[in-house]
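Residue indices begin at 1 and follow the sequence shown.
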Amino acid sequence: MTINKQEKTSIRSFCNLHRQISEAEKPFADKKKELNRQKKELKEELYKTMKSNEWDAVKIGQVGGKDMYARLQIYKQMKPISIDIVRGAMDNLDKTKESVVEAVLTAIQDSRTSAREFVQVSKNKPKNLVVQESTVVEQMGQKLKAFDGEVKTINAAMKDHTKQMKEELLSHENIVREYMTRTSLTSQRININ
């Protein structure tokens, strides 16, 4: 399959623009990464504070006229079944308690499941939990919301900064897609120098 001049120009422009957009977004992404790291540290500190005081839920102040709450949540994750999990279940089998099938299934489920506790911040007041109030936690909550606001500001600035390049990129996208479809390619290496 041959490539015509318009396709070649569009592919080159598409690749150049894609690289320029990535380079333009990098400083913004670095700022967001640092903010998210600070936010994660603050959430860990908030978790430790709530855990040490044995609080399940804490009011963290108001944002936009609405009360915000922090609560402890449990996150469960299931690993895919692997041969090692099944072997481990068979090795730890207690044949006296229950049927072999039930024992193996229970052992597999136990070894597949991992859980961890974390802090969730939301606008909804937690049901069936006593909501505590703490000025220290409220200050942490305000910092969390400040980090969220800064990330939104950075996202908006990044969007404005790359808007023109992305619009130009879209003008080449259809030609590049048609070429890739016509030639049955999933990737294309091109020398853009």
Side-chain angles (χ1 to χ4, degrees), residues 21-22 24-94 97-162 166:
I21 289 169
S22 295
E25 288 178 343
K26 187 170 180 359
F28 296 101
D30 291 343
K31 288 178 187 175
K32 281 186 358 183
K33 185 177 180 181
E34 177 59 23
L35 285 172
N36 286 329
R37 184 192 63 75
Q38 291 175 0
K39 182 179 173 182
K40 183 179 177 184
E41 287 176 0
L42 186 61
K43 271 190 149 182
E44 288 171 3
E45 187 180 334
L46 178 59
Y47 172 77
K48 288 176 186 173
T49 302
M50 290 178 69
K51 202 68 176 163
S52 66
N53 289 304
E54 298 180 359
W55 295 334
D56 292 325
V58 181
K59 182 178 174 184
I60 59 171
Q62 289 194 341
V63 175
K66 291 191 175 189
D67 289 335
M68 298 292 290
Y69 301 91
R71 67 176 295 174
L72 297 179
Q73 287 281 101
I74 295 178
Y75 169 75
K76 290 186 180 179
Q77 180 180 7
M78 296 284 281
K79 297 177 197 167
I81 294 178
S82 68
I83 192 72
D84 293 333
I85 289 176
V86 175
R87 280 188 187 135
M90 296 297 288
D91 291 342
N92 296 327
L93 192 59
D94 182 6
K97 285 188 176 179
E98 50 198 328
S99 76
V100 174
V101 174
E102 289 174 0
V104 169
L105 287 175
T106 303
I108 289 172
Q109 284 300 96
D110 290 346
S111 59
R112 285 183 69 200
T113 305
S114 62
R116 73 175 181 89
E117 200 171 37
F118 68 102
V119 172
Q120 180 184 29
V121 176
S122 70
K123 296 175 186 173
N124 301 328
K125 185 176 182 178
K127 295 178 182 172
N128 304 326
L129 294 176
V130 176
V131 177
Q132 306 292 330
E133 292 196 24
S134 166
T135 56
V136 173
V137 172
E138 191 170 330
Q139 289 171 353
M140 289 180 190
Q142 294 304 320
K143 284 182 186 177
L144 280 173
K145 288 298 140 194
F147 285 139
D148 287 342
E150 287 181 53
V151 168
K152 283 182 183 177
T153 303
I154 290 171
N155 283 337
M158 182 173 66
K159 189 175 179 181
D160 286 345
H161 187 69
T162 59
K166 285 185 177 181

Please list, chain by chain and in numerical order, all residues satisfying salt bridge (Lys or Arg N to Asp or Glu O under 4.0 Å) with Asp30, sequence neighbours excluded. Lys26
Heavy-atom pair of closest approach, residues Ala24 and Pro27: O-CD, 3.4 Å
Indicate whether any N or O donor in one side chain lies under 3.5 Å from an N or O acceptor in the other, for Gln38 and Glu34. yes
Shortest non-hydrogen contact from Ile60 toward Tyr69: CG1-N, 4.0 Å
Does a side-chain heavy-atom distance below 4.5 Å link Gln132 with Lys59? no
Find the distance between NZ (Lys40) and CZ (Phe118) and round it off to the nearest 0.5 Å. 13.5 Å
Point-to-point distance, once rounded to the nearest 0.5 Å, from CD of Glu117 to CE of Met50: 9.0 Å
For Trp55 and Leu72, which heavy atoms make the closest approach, and how far apart are they? O-CD1, 3.5 Å
I want to check something: taking the side chain as every heavy atom from C-beta on, are Val58 and Val131 in contact at a cut-off of under 4.5 Å? no
Residues which pass side-chain contact (heavy atoms from CB on, under 4.5 Å) with Val136, listed by chain and number, not counting sequence neighbours: Ser134, Met140
To the nearest 0.5 Å, atom NZ of Lys143 lies from atom CG of Leu42 at 6.5 Å
Inter-residue atom distance Lys32.NZ - Thr153.OG1, 0.5 Å rounding: 12.0 Å
Residue pair Lys166 / Ile21, side-chain heavy-atom distance below 4.5 Å: yes
Relative to the ring of Phe28, is the ring of His161 parallel (under 30°), tilted (30 to 60°) or perpendicular (over 60°)? tilted
Kindly compute the distance separating CD (Glu45) from NZ (Lys48), expressed to the nearest 0.5 Å. 8.0 Å
So CD1 of Ile154 and CG of Asn36: to nearest 0.5 Å the spacing works out to 9.0 Å
Listed by chain and number, what are the salt bridge (Lys or Arg N to Asp or Glu O under 4.0 Å) partners of Lys39, not counting sequence neighbours? Asp148
